[in-house]
> 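Would you mind keeping the following structure in view while I ask a few things?
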Amino acid sequence: MAKHNCTDCKIRSVAENFLSNDEFGSLESNSAEVSFKKGEIIIKQNALSLNVVYLRSGLVKIHMAGPAKEKILRLVKAPSYLGIPTTLGNKINNYSVTALQDTSVCFIDANFFKMLIAGNGQFASEIILELCKNELFDQQRTVNQEQKQLPGRIADTFLCMSERLFDNDEFEVPLSRNELADLIGTTRESLSRVLGQFCKENIISLDGKIMKIIDRPKLQQICDLG
DNA sequence: GCATTAACCACAG
DNA sequence: CTGTGGTTAATGC
């Protein structure tokens with residue numbers, strides 16, 4: 001466990017800005033900084049969880065082995081907490097978190113984390129805010145996935161990646177086609193067909209995993225019409 | 001009936 | 001791992 005210094009951490013969370021010096025001191029002894037390579041599992045479904053995770057840098061997928069197949073619930077980029085719901089809400093992890101890039105995280109002792117929440121209202125408030133935003137995002141996506149047709153869901157997903165994850169019209173899709181299908185809620189084959197359509201209509205261009213949005217208004221229209 | 005949508009299957013590169 | 005073609009089941013004119 002590398003010795004680290006939370007007080008001087010350059011990428012601490014918004015919530016941590018409300019911690020006192022004493023609380024920072026305790027945070028140092030109750031947390032550990034760890035690096036993960038692309039593809040490594042940070043939180044494992046069905047394993048006992050004693051830690052909350054703070055994602056300092058990198059990109060991860062939150063995913064769950066469902067009754068029939070794998071489902072990707074959400075992609076998360078740093079900075080963000082990971083695993084708060086499943087660590088505080090259940091002894092056993094309900095989902096997995098896997099690194100999509102090389103990442104750096106801090107593991108924080110769950111009991112200590114609960115103590116911070118119980119003892120510091122402003123810290124707790126920021127944590128709740130993050131949890132609320134996540135819940136709203138998940139609800140929106142659940143409804144979209146239930147009610148939009150496939151092209152709409154795919155357009156939605158790419159717009160979301162472009163705007164929220166990469167802030168660019170051109171980006172490298174951080175998932176395989178199969179994973180992408182698991183995220184969108186379809187099959188590899190159906191996804192492939194719609195992507196072919198989008199390319200043919202000059203809405204996007206694809207070179208392997210490099211995706212470029214050419215006609216954003218059209219893509220937005222497909223997303224909106226569902 | 002007929003068209004549309006999307007999953008399932010098989011196979012090829 | 002990915003794309004394609006054929007098939008099939010469900011849904012809606």
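Since we're looking at a predicted model, the values are computed, not measured. Residue numbering restarts at 1 for every chain, and letters A, B, ... go by the order of the sequence lines.
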> Should we count CG of A:N17 as having more than 12 external heavy atoms under 6.0 Å?
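It does: A:N17 CG has more than 12 such atoms within range.
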
> How about NZ on A:K209, more than 12 heavy atoms from neighbouring residues, nucleotides or ligands closer than 6.0 Å, or not?
yes

> Among A:F113, A:F24, A:F18, find the residue that satisfies the ring-ring contact (aromatic ring centres under 6.0 Å, His included) test when tested with A:F123.
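By the ring-ring contact (aromatic ring centres under 6.0 Å, His included) criterion, A:F123 pairs with just one of A:F113, A:F24, A:F18: A:F113.
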
> Can you build the contact string for nucleotides 5-13 of chain B? Use B for base contact, S for sugar-phosphate-only contact, and - for no protein heavy atom under 4.0 Å.
-SBBB----

> On DNA chain C, which is the earliest and which the latest nucleotide, 5' to 3', with an atom closer than 4.0 Å to a heavy atom of chain A?
C:dT2 to C:dG6

> Using a 6.0 Å cut-off, check whether atom CD of A:Q139 has over 12 heavy atoms from anything other than its own residue.
yes

> Using side chain to side chain donor-acceptor pair (under 3.5 Å) as the criterion, point out the one residue from A:T86, A:N94, A:N93 that pairs with A:N90.
A:N94

> I'd like to know whether NZ of A:K200 has more than 12 heavy-atom contacts from other residues, nucleotides or ligands below 6.0 angstrom.
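Atom NZ in A:K200 is not packed in, count stays at 12 or less.
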
> Does CD in A:E135 sit with more than 12 non-hydrogen atoms of other residues, nucleotides or ligands closer than 6.0 Å?
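Result for CD/A:E135: open.
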
